[in-house]
Protein chains: 2
Amino acid sequence: MKEGPDITLIGSLIGDPARANMLSALISGKALTASELANEAGITLQTTSAHLKKLELGGLIRQRKQGRHRYFNLADEDVATLLETMMGLAAKKGHIRTRTGPKAPEMRKARVCYNHLAGEFGVQMYDSLVGRGFLQEDQDEIAITDSGRDFIKGLGIDLDPLQKAKRPLCKSCLDWSARRSHLAGSLGTALLNHIYEKGWAKRLEDVRIVEFSRRGEAAFHDQFPLLAD
Amino acid sequence: MKEGPDITLIGSLIGDPARANMLSALISGKALTASELANEAGITLQTTSAHLKKLELGGLIRQRKQGRHRYFNLADEDVATLLETMMGLAAKKGHIRTRTGPKAPEMRKARVCYNHLAGEFGVQMYDSLVGRGFLQEDQDEIAITDSGRDFIKGLGIDLDPLQKAKRPLCKSCLDWSARRSHLAGSLGTALLNHIYEKGWAKRLEDVRIVEFSRRGEAAFHDQFPLLAD
DNA sequence: TTCATGCTTCGATATTAAACGAACTATGAG
DNA sequence: CTCATAGTTCGTTTAATATCGAAGCATGAA
């Protein structure tokens, strides 16, 4: 009778507040333990365990054992993309979590989306790379150009290991705050790491916010300038 | 404490099987009455009414009174896009509705996504338009070129009223079956209408499938050829 | 006015599943 | 070995909500 993919399971997994909180926490890309997720969601460890099992069974998260800890991550970038898409729609429809803290503007400015940079800074970096011809958009695929390779190499990033990985080097991800694309994929991850390593910014504890120092911000704008149009 | 958009409401709305069925039915873009949706979901009219109220309150659908009927539609294209994104992930994770009918291959070939063409034919049309320089991708925005204007005009489509509308003329939408972009927006709608008007294809009753005639298929390939690469 | 159709509202029932306490397993530290 | 920490499993309680029957309202037809 019915045909096609079934979206009810994914919907109901995201539909529970406790699980939505856990998933939101995991968009930061940071691997979290069950206890941390329990704390994040405000529920006991037993309940958390049950939720995590369901999320894993539904293919939304992955777990990694390490000693007596279990670290949880989103299953892949597609899950992060879906969550950001939903956040975009939710924001548009006015479904905002009631207690909106003072962090919201910082979130809009620069935050982590799974493992790459999002927010205004993420969009700027993406625009800069495309505008200067370092990335090229072809359909919905993005590819790095020869001059882009040189640029990345100039930053001290080695592309070879990134290209060998299974995950795509370049991938676009839609922002809920800016409604624009930013760069995902292994290159997106590498560039975020580059920002950390240069000391331009640091990730706030247990939050998705990426906090740039004043010097870091200047260096960022210098490295990823927007072309006047 | 918590910041950002809340995705639980949307998730739980989609998470109920009855509502998911209704939403899936509405992706076809066809306005459906409460009774039709009740039939689609396999529940009584009272229950349907309750579901529709929730979906409307959540901003996922819109209703239009007409005589003693009420016609329901998805609220906007973003909702359709979200649903297709979820279907893409669900398909990837193997969450397929159990009773997969014989319609699946036809769905993959050509179907309606809200108000434009999706599936292989939709992707081909998009690729053809981009490949011949009629559409141009700039970031995640798509714009029509001057030669594109001429081409569309040559099809007998008047662009003026489309451009005056609030909704974007060109917009890309990701396919769950092909994992590629196809054309949404008012131009996408106009092109789908063009296909109907030319008699190349007709929409199967109450289903998303677009069935091309043999002659229509040939005409389509003639009008939207893929460039050899 | 009377009747039929389409849909909503109300109230009751039934099912689901989220939550936690308590007990159990596993890994590591001293 | 003993203790502590991290997490799972089990059983029970509790809350939420999907569902439908029955009644009510609105629109259009006759």
Side-chain angles (χ1 to χ4, degrees), chain A residues 2 6-26 30-73 95 97-98 206, chain B residues 2 6-26 30-73 95 97-98 206:
Chain A
K2 296 299 166 193
D6 189 8
I7 59 181
T8 53
L9 178 57
I10 294 179
S12 63
L13 285 175
I14 298 175
D16 177 81
R19 286 191 293 255
N21 282 335
M22 298 184 206
L23 290 170
S24 298
L26 288 172
K30 195 170 158 185
L32 297 175
T33 64
S35 311
E36 290 170 323
L37 288 167
N39 184 50
E40 190 71 30
I43 52 177
T44 63
L45 193 54
Q46 307 95 287
T47 311
T48 305
S49 180
H51 283 309
L52 290 171
K53 196 163 33 168
K54 288 180 186 174
L55 286 171
E56 189 176 21
L57 213 72
L60 296 189
I61 64 172
R62 263 178 319 120
Q63 69 168 296
R64 204 157 26 100
K65 282 191 191 181
Q66 208 164 99
R68 53 181 159 180
H69 291 275
R70 295 193 179 194
Y71 289 99
F72 293 88
N73 277 107
H95 304 150
R97 204 160 300 175
T98 37
D206 296 331
Chain B
K2 295 297 166 194
D6 188 9
I7 58 180
T8 54
L9 178 58
I10 295 179
S12 63
L13 284 175
I14 299 175
D16 177 82
R19 286 190 293 254
N21 281 336
M22 298 185 206
L23 290 170
S24 299
L26 288 172
K30 195 170 160 186
L32 297 175
T33 64
S35 311
E36 289 171 323
L37 288 167
N39 185 51
E40 190 71 29
I43 52 178
T44 62
L45 194 53
Q46 307 96 289
T47 312
T48 305
S49 180
H51 283 309
L52 290 172
K53 192 159 44 165
K54 288 180 187 177
L55 286 171
E56 190 176 21
L57 213 71
L60 297 189
I61 64 171
R62 264 178 318 120
Q63 69 168 296
R64 204 158 26 99
K65 282 191 190 181
Q66 209 166 95
R68 53 182 158 179
H69 291 274
R70 294 192 181 197
Y71 288 99
F72 293 88
N73 276 110
H95 304 149
R97 204 159 299 175
T98 37
D206 296 329

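In this text, all values refer to a predicted model and were calculated from it rather than measured experimentally. Every chain is numbered from 1 and lettered A, B, ... according to where its sequence line falls, protein lines coming before strand lines.
- Atoms CZ (Arg64(B)) and P (dC7(C)) sit 13 Å apart, rounded to a whole Å.
- Separating the CD atom in Glu36(A) from the CG atom in Leu26(A) is a distance of 10.0 Å, to the nearest 0.5 Å.
- Note: CD1 (Ile14(B)) to P (dT17(D)) measures 16 Å, nearest angstrom.
- With rounding to whole Å, His69(A) atom NE2 is found 16 Å from dT8(D) atom C1'.
- Counting heavy atoms from C-beta on, the side chains of His51(B) and Asp16(B) come closer than 4.5 Å.
- To the nearest angstrom, C1' of dC7(C) lies 17 Å from NZ of Lys54(B).
- In this structure, Ser49(B) reaches the dT8(C) phosphate: one of its side-chain N or O atoms is under 4.0 Å from OP1 or OP2.
- The interatomic distance linking Glu56(A) (CD) with dT8(D) (C1') rounds to 13 Å, in whole Å.
- For Asp16(B), the listed nucleotide lying nearest its side chain is dT19(D); candidates were dT19(D), dG7(D), dT8(C).
- Residue His51(B) has a polar side-chain atom (N or O) positioned under 4.0 Å from OP1 or OP2 of dT19(D).
- Nearest nucleotide to the side chain of Ser35(B), out of dA19(C), dC20(D), dG6(C): dG6(C).
- Two residues are said to be in side-chain contact when any heavy atoms from C-beta on lie closer than 4.5 Å; Thr48(A) and Met22(A) meet this criterion.
- Contact annotation for Lys65(B): no contact, since no heavy-atom pair falls under 4.0 Å across all strands.
- Across all strands, Thr48(B) comes closer than 4.0 Å to no nucleic acid atom at all (heavy-atom distances).
- Side-chain atoms of Thr33(B) and Phe72(B), non-hydrogen and from C-beta on, never get closer than 4.5 Å to each other.
- Relative to the side chain of Gln46(A), the nucleotides dT19(D), dA19(C), dC20(C) differ in distance, and dC20(C) lies closest.
- The CG atom of Asn39(A) sits 16 Å away from the P atom of dT5(D) (whole-angstrom rounding).
- In the set dA19(C), dG7(D), dT19(D), dG7(D) carries the atom at the smallest distance from any side-chain atom of Thr33(A).
- Taking 4.5 Å as the limit, some side-chain heavy atom of Leu23(A) sits within range of a side-chain heavy atom of Ile61(A).
- As judged by a 4.0 angstrom heavy-atom cut-off over every strand, Ala50(A) is placed among residues making no nucleic acid contact.
- In this structure, the OH atom of Tyr71(B) is 16 Å from the P atom of dT5(C), given to the nearest Å.
- Whole-Å rounding puts the Leu52(B) CG to dT8(C) P distance at 7 Å.
- Listed nucleotides dC7(C), dC20(C), dG7(D) differ in distance to Leu45(A); the shortest reach to its side chain belongs to dG7(D).
- When distances run from any side-chain atom of Arg70(B) to the nucleotides dA17(C), dT9(D), dT8(C), the shortest one goes to dT8(C).
- Residue Thr44(B) places no side-chain N or O under 4.0 Å from the OP1 or OP2 atom of dT19(D).
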